[in-house]
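Along the sequence shown, residues carry numbers from 1. Computed from heavy atoms alone, side chains included, the values below leave out hydrogens, waters and symmetry copies.
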Amino acid sequence: MGASDWEYVTSYEGTIEKSLEALHARVFQQTYGDDDTYRSLEELWDDGEFMGQEGTHSILDIDRVVHTTAAPSPSDVRDYGTLRPLAHDRLVHHFGTDRPTPGRFEEVLARARAALRYGPDAGESLLDECRMRWTGVYVVLYTDDEPTHLGIFGYSGD
């Protein structure tokens, strides 16, 4: 089926885990809410054949947060399905601050999407920070110095 990239800006719910849980609920409802294929996210995740072979090509392919900025390893099965923070130095590199706003995240993401159209000579972009399929990266976003949103991006598929 190929790889699919995905990105979201979602409300910050006090912790990264609670924010991911709320995003999961929203995306599950949008994707499967009017369908009787899966009655719950747990039922979807329990479908090992579907999730192992195809997946949803969305944030629903990510089942847990890890609090390390170390790059995931394709040879470590525990790294698949993880969401990890963007490293502080990379945050400052891409955003010019360690407290980007939701608007700034959208700007940098749009520039990264545009760079994809220009091929490998376009230079490094934010989207290059997530290189492994079946993983994602998050950025805490701020409004008036308070965390209000998460910016999330990643890839599913092969």
Side-chain angles (χ1 to χ4, degrees), residues 1-31 41 44-45 51 54-158:
M1 180 168 207
S4 299
D5 62 320
W6 36 260
E7 54 220 28
Y8 303 89
V9 173
T10 192
S11 295
Y12 181 71
E13 302 292 338
T15 68
I16 306 304
E17 291 81 1
K18 287 181 183 175
S19 303
L20 179 59
E21 187 177 311
L23 179 59
H24 278 156
R26 188 177 86 225
V27 172
F28 182 85
Q29 181 60 37
Q30 290 169 344
T31 307
L41 182 58
L44 169 68
W45 284 342
M51 292 302 288
E54 186 174 335
T56 66
H57 293 257
S58 75
I59 192 65
L60 299 178
D61 294 328
I62 303 300
D63 61 2
R64 67 195 174 287
V65 175
V66 293
H67 295 282
T68 178
T69 60
S73 170
S75 63
D76 189 344
V77 70
R78 295 171 300 181
D79 282 342
Y80 289 92
T82 59
L83 181 67
R84 63 193 62 230
L86 182 62
H88 184 267
D89 64 321
R90 305 308 296 161
L91 185 67
V92 173
H93 170 80
H94 290 291
F95 296 99
T97 180
D98 62 356
R99 292 180 177 249
T101 64
R104 181 75 175 131
F105 180 80
E106 292 288 355
E107 289 170 15
V108 171
L109 199 55
R111 199 166 57 238
R113 276 191 234 106
L116 289 174
R117 291 193 298 262
Y118 298 112
D121 297 330
E124 184 181 284
S125 77
L126 178 63
L127 294 174
D128 292 316
E129 299 293 343
C130 185
R131 298 180 188 271
M132 188 171 131
R133 303 299 184 242
W134 306 104
T135 66
V137 174
Y138 73 84
V139 176
V140 177
L141 305 174
Y142 294 80
T143 304
D144 299 325
D145 278 336
E146 293 295 322
T148 57
H149 294 83
L150 289 185
I152 298 173
F153 59 96
Y155 295 93
S156 297
D158 298 319

**Request:** Decide yes or no for L20 and Y138: does some side-chain heavy atom of the first lie under 4.5 Å from some side-chain heavy atom of the second?
**Result:** no
**Complete:** dist W45:CH2 -> M51:CE (nearest 0.5 Å) comes out at 7.5 Å
**Prompt:** Going by heavy atoms in the side chains, are Y80 and D61 under 4.5 Å from each other?
**Reply:** no
**Request:** Identify the heavy atoms of L86 and L126 that sit nearest to each other, and give their distance.
**Result:** CD2-CD1, 3.9 Å
**Fill in**
Heavy-atom nearest pair, E106 first then V9, reads OE2-CG2, 3.1 Å
**Message:** In the structure I gave you, are the side-chain heavy atoms of F153 and E129 within less than 4.5 Å of one another anywhere?
**Reply:** yes
**Message:** Quick check: do L127 and Y155 have side-chain heavy atoms less than 4.5 Å from each other?
**Reply:** yes
**Reported CG-to-OG1 distance for the pair L83 and T135, which is rounded to 0.5 angstrom** = 9.0 Å
**Taking every non-hydrogen atom, the tightest pair across L150 and S19** = CD1-CB, 3.5 Å
**Message:** Just verifying a value: how many Å separate H24 NE2 and T10 OG1, rounded to the nearest 0.5 Å?
**Reply:** 10.5 Å
**Prompt:** Hey, are the side chains of Y8 and S58 touching, using non-hydrogen atoms and a 4.5 Å cut-off?
**Reply:** yes
**Asked** Is R113 salt-bridged to D5, going by a charged N under 4.0 Å from an acidic O?
**Response** no
**Fill in**
Between V139 and L91 the two heavy atoms that sit nearest each other are CG1-CD1, 3.4 Å
**Request:** Heavy atoms only: give me the nearest A70-R84 pair and the separation to one decimal.
**Result:** O-NH1, 2.6 Å
**Message:** Going by the rule salt bridge (Lys or Arg N to Asp or Glu O under 4.0 Å), which residues pair with R104 if we only count those two or more places apart in sequence or in a different chain?
**Reply:** E107
**Asked** About how many Å separate OG of S125 and CG of L109, when rounded to the nearest 0.5 Å?
**Response** 8.5 Å
**Asked** Out of curiosity, I16 CD1 to L23 CG, how far, rounded to the nearest 0.5 Å?
**Response** 12.0 Å
**Request:** List for me each residue that meets side chain to side chain donor-acceptor pair (under 3.5 Å) alongside S73, sequence neighbours excluded, and say none if there are none.
**Result:** S75
**Item:** F28 vs T56 side-chain heavy atoms within contact, under 4.5 Å
**Value:** no
**Asked** Between atom CG of D89 and atom OG1 of T69, what is the distance when rounded to the nearest 0.5 Å?
**Response** 8.0 Å
**Prompt:** Quick one: side chain to side chain donor-acceptor pair (under 3.5 Å) partners of T143, sequence neighbours excluded?
**Reply:** T148
**Prompt:** Should D79 and V66 count as side-chain neighbours, where that means a heavy-atom distance under 4.5 Å?
**Reply:** no
**Prompt:** Do Y142 and T97 touch side chain to side chain, with heavy atoms closer than 4.5 Å?
**Reply:** no
**Asked** Which atoms form the tightest heavy-atom contact between C130 and G136, and what is the distance?
**Response** SG-CA, 4.0 Å
**Request:** Examine distances only and state if a side-chain atom of D144 and a backbone atom of E146 form a donor-acceptor pair shorter than 3.5 Å.
**Result:** no
